[in-house]
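Here the structure comes first, spelled out in structure tokens, and everything after it is commentary.
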Protein chains: 2
Amino acid sequence: MVEVSRRQAIEDVASDLFRERGYAATSIRDIARALSVQGASLYAHVTSKEDVLWAIVDRAASRFEAAAERAEGEAERRRPGDPAEAVAALVRAHVEVLTGDVDESGVFVREWRSLGPERRSAVLARRDAYEARFRRHIHAGIALGTFEMTDPAIAASALLSAINGLASWYDPKGRLPAGRIADHLVDLSLRMLSSES
Amino acid sequence: MVEVSRRQAIEDVASDLFRERGYAATSIRDIARALSVQGASLYAHVTSKEDVLWAIVDRAASRFEAAAERAEGEAERRRPGDPAEAVAALVRAHVEVLTGDVDESGVFVREWRSLGPERRSAVLARRDAYEARFRRHIHAGIALGTFEMTDPAIAASALLSAINGLASWYDPKGRLPAGRIADHLVDLSLRMLSSES
DNA sequence: CCTACCGATCGGTAGG
DNA sequence: CCTACCGATCGGTAGG
């Protein structure tokens, strides 16, 4: 990857290390070593270690939000008011963001708890708003009879957990390409929700 | 909870803290403070910090394995060769272990990566063997036509991720009791797999 | 981006 | 279970 800035290079290396060993177990000097500079030199580009984590988590969150927004819009254009179409689009978009940058997404999924109190609760609120997209379509699908009666909150949590698990086992050089995995997860998700009529 | 031993008290407090802040972000002195003793005093009962993590992870793994073994046995006794019955029993057993001790299970699900290389790969192997139980029943169900055609490895990963997500959001004092949550997750799991015939 | 350095904290040991 | 202490490492600053 071509680095546009030193700051970006730091965040890329940090994403890799944070995902691999976790934020707390990664030191500023670990990041610096991977860039062949002294630890103290990083402070010319970042103000704190948490600052780097925040940049990664915030960018990942924005990517997920933007992709979901676009996916919902396109689903609505294709099949207005169709909850299955909307959920399928959301799942596919989520998988695409996740497989598009495993490091960044993995840090977002697993390491946001290491943020300070205000940022942590800000992330929690954004995650809840994101999950609410799924809850809304599940709720609508139940009302329409497209989806089986179920608890929308549990179904949405289970569904998102299922696809977020990908962050732990997806391997870009693995058996299946990202597109095929997305197909499978869309199928599994819809089957989990759909009524059998 | 009545503590049977000082060692057990240490592990209980450590489970709580490891789950809350993560292993790397929790110091031996944090654990000691929660027990109102000096940090160095803990070393009369444990040989290292990783030793404590290992005890927690190993015990949790054993609980999941034992529960799964029993669940498969009972399912086979009730409905021999019925993959749906087996998966339902496995999911229910898993949820019961998880909700039975959120701290221990949460550490097992999230913090096993902090173990040293040998222990980490031992845990990975046990997790794979555990997941293989699900894969086997899914494979059998597809062969029988009970389950929809799908990739058993992806389906098993997705299913386990979905229920493991519980470790992140289950609240013993929450809206729904553990039993009701288990019912929902069993339903969602079977629906995810079952063919619509 | 470097050297030099700060105070704090880490996991762990010695010896009682 | 305590006091006293070890060497190592931590995030971060000063001053160039």
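Note that the structure is a prediction, hence the values are computed from the model and not measured. Naming: A, B, ... by sequence-line order, numbering from 1 per chain.
- Residue B:I31 contributes atom CD1, which lies 15 Å from atom C1' of C:dT9 at whole-angstrom precision.
- Computed from coordinates, the A:R33 CZ to C:dC2 C1' distance equals 17 Å when rounded to whole Å.
- Residue B:R6 contributes atom CZ, which lies 14 Å from atom C1' of D:dC2 at whole-angstrom precision.
- Judged purely by atom type and a 3.5 angstrom limit, A:R135 has no side-chain atom pairing as donor or acceptor with the backbone of A:A153.
- When both pairing distances are held under 3.5 Å, C:dG12 makes a Watson-Crick or G-U pair with D:dC5.
- Following rounding to the nearest Å, B:D30 (CG) and C:dA8 (P) show an atom-to-atom distance of 17 Å.
- Between A:H94 and A:Y130, the distance from one ring center to the other falls under 6.0 angstrom.
- Using a 4.5 Å heavy-atom cutoff, the side chains of A:L193 and A:L159 are in contact.
- Across the protein-nucleic acid pair, B:R7 atom CZ and D:dC1 atom C1' stand 17 Å apart, rounded to whole Å.
- For residues 44-57 of chain B, proximity to DNA chain C is found at B:S48, B:K49, defined as any non-hydrogen atom under 4.0 angstrom from a strand atom.
- In the set C:dC1, C:dG11, C:dA4, the nucleotide with an atom closest to the side chain of A:A40 is C:dA4.
- Regarding A:R21, its CZ atom lies at a distance of 13 Å from the P atom of D:dT9, rounded to whole Å.
- In this structure, A:Y43 places its OH atom 9 Å from C1' of D:dC10, rounding to the nearest Å.
- The shortest side-chain heavy-atom distance between B:L90 and B:E72 falls under the 4.5 Å cut-off.
- In B:H184, the NE2 atom is crowded: over 12 heavy atoms of neighbouring residues, nucleotides or ligands sit closer than 6.0 Å.
- A heavy-atom distance below 4.5 Å is not found between the side chains of B:I181 and B:T99.
- B:Q38 has its CD atom 17 Å from the P atom of C:dG12, to the nearest Å.
- Mapping A:A25 and A:S41 onto DNA chain D by nearest heavy atom places A:A25 closer to the 5' end of the strand.
- Checking the phosphate oxygens (OP1, OP2) of D:dT9, no side-chain nitrogen or oxygen of A:S27 falls inside 4.0 Å.
- The local environment of CZ in B:R120 is crowded, with over 12 non-hydrogen atoms from other residues, nucleotides or ligands closer than 6.0 Å.
- Among the nucleotides C:dG11, D:dG11, C:dC1, the one closest to any side-chain atom of B:R29 is C:dG11.
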